[in-house]
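Right, one structure below, let's go through it.
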Amino acid sequence: MSKPSPKKPAGRSRTPIREKLTTVRPSGEKDDNFFELVHAVARQIPKGRVTTYGAIAAALGARGSARMVGWAMISGHLVENPVPAHRVVNRTGLLTGRHHYNPPERMQKLLEKEGIKIKDNQVVDFARLFWDPSREL
DNA sequence: ACGCTGACTATTA
DNA sequence: CTAATAGCCAGCG
């Protein structure tokens with residue numbers, strides 16, 4: 001990978017997450033809302049496939065903002081159109097977001113229900129199941 | 001306003 | 001392989 005642009009990525013967007021969660025926004029409203037973009041991409045993840053925080057961030061042009069993607073997942077289950085956040089893992093295929101589920105084992109359960117095998121909180125055959133939004137979308 | 005935290009990742013030692 | 005470091009940036013005390 002190359003990094004010729006030290007400039008700030010386009011992912012910046014102040015996102016009053018609390019307003020987002022408590023306010024129903026009219027359809028067609030799609031501004032610089034980074035979180036909604038993340039949700040939109042995450043919803044495209046095919047069943048039985050997984051992707052990473054970094055891959056989603058990169059697809060949105062915010063290469064270095066993988067953390068914000070994970071953050072967006074937190075609200076992902078509170079919005080009207082639910083986001084399959086369980087299909088998003090870290091770059092090694094580890095289920096780092098499992099602690100946000102109730103109970104934590106639920107994330108693994110959801111993945112297994114889609115035919116994905118999990119061993120030690122890690123996606124088995126991760127490389128093969130990996131779905132790259134910027135390449136396959 | 002400042003510093004720390006965190007569902008991350010790439011780099012370096 | 002592991003560990004430390006540095007970017008990243010919105011929220012919170």
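Excluded from the calculations below are hydrogen atoms, water molecules and symmetry mates; all remaining heavy atoms, backbone and side chain alike, are included. By convention in this document, chain letters (A, B, ...) are assigned in the order of the sequence lines, proteins followed by strands, and residues within each chain are numbered from 1.
Applying the side chain to side chain donor-acceptor pair (under 3.5 Å) criterion to Gln44(A), with sequence neighbours excluded, gives no partner residue. Qualifying side-chain contact (heavy atoms from CB on, under 4.5 Å) partners for Lys47(A), counting only residues two or more places apart in sequence or in other chains: Arg87(A), Glu114(A). When the side chain to side chain donor-acceptor pair (under 3.5 Å) test is applied to Arg135(A), no partner is found at least two apart in sequence or on another chain.
In this structure, Arg91(A) reaches the dA10(B) phosphate: one of its side-chain N or O atoms is under 4.0 Å from OP1 or OP2.
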Show me the protein contacts with nucleotides 3-7 of chain B, counting only N or O atoms at under 3.5 Å.
unit_1, atom_1, unit_2, atom_2, d
dG6(B), O6, Arg67(A), NH1, 2.9
dA7(B), OP1, His100(A), NE2, 2.7
dA7(B), O4', Thr96(A), O, 3.4
dA7(B), N7, Gly70(A), O, 3.4
dA7(B), N6, Met73(A), O, 3.2
dA7(B), N3, Tyr53(A), OH, 2.8

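Counting heavy atoms from C-beta outward, Ser75(A) and His39(A) have side chains that approach closer than 4.5 Å. Two residues are said to be in side-chain contact when any heavy atoms from C-beta on lie closer than 4.5 Å; Tyr53(A) and Arg67(A) fail this criterion. Using a 4.5 Å cut-off on side-chain heavy atoms (C-beta onward), Arg43(A) and Asn81(A) make contact. Residues Val83(A) and Met73(A) meet the side-chain proximity criterion, which asks for heavy atoms closer than 4.5 Å.
One P atom belongs to dT5(C), the other to dC4(B), and the distance between them is 15 Å to the nearest Å. The P atoms of dC8(C) and dT12(B) are separated by 16 Å, rounded to the nearest whole Å.
The other residues sharing a hydrophobic cluster with Leu110(A) are Val50(A), Val89(A), Leu95(A), Tyr101(A), Met107(A), Leu111(A), Ile116(A), Ile118(A), Val123(A), Phe126(A), Leu129(A), Phe130(A), where clustering joins ILVMFWY side chains under 4.5 Å apart.
For the pair Ile56(A) CD1 and dT9(B) C1', the computed distance is 14 Å after rounding to whole Å. As rounded to whole Å, 10 Å separates atom C1' of dG7(C) from atom CZ of Arg63(A).
Of the residues in residues 114-127 of chain A, not one places a heavy atom less than 4.0 Å from an atom of DNA chain B.
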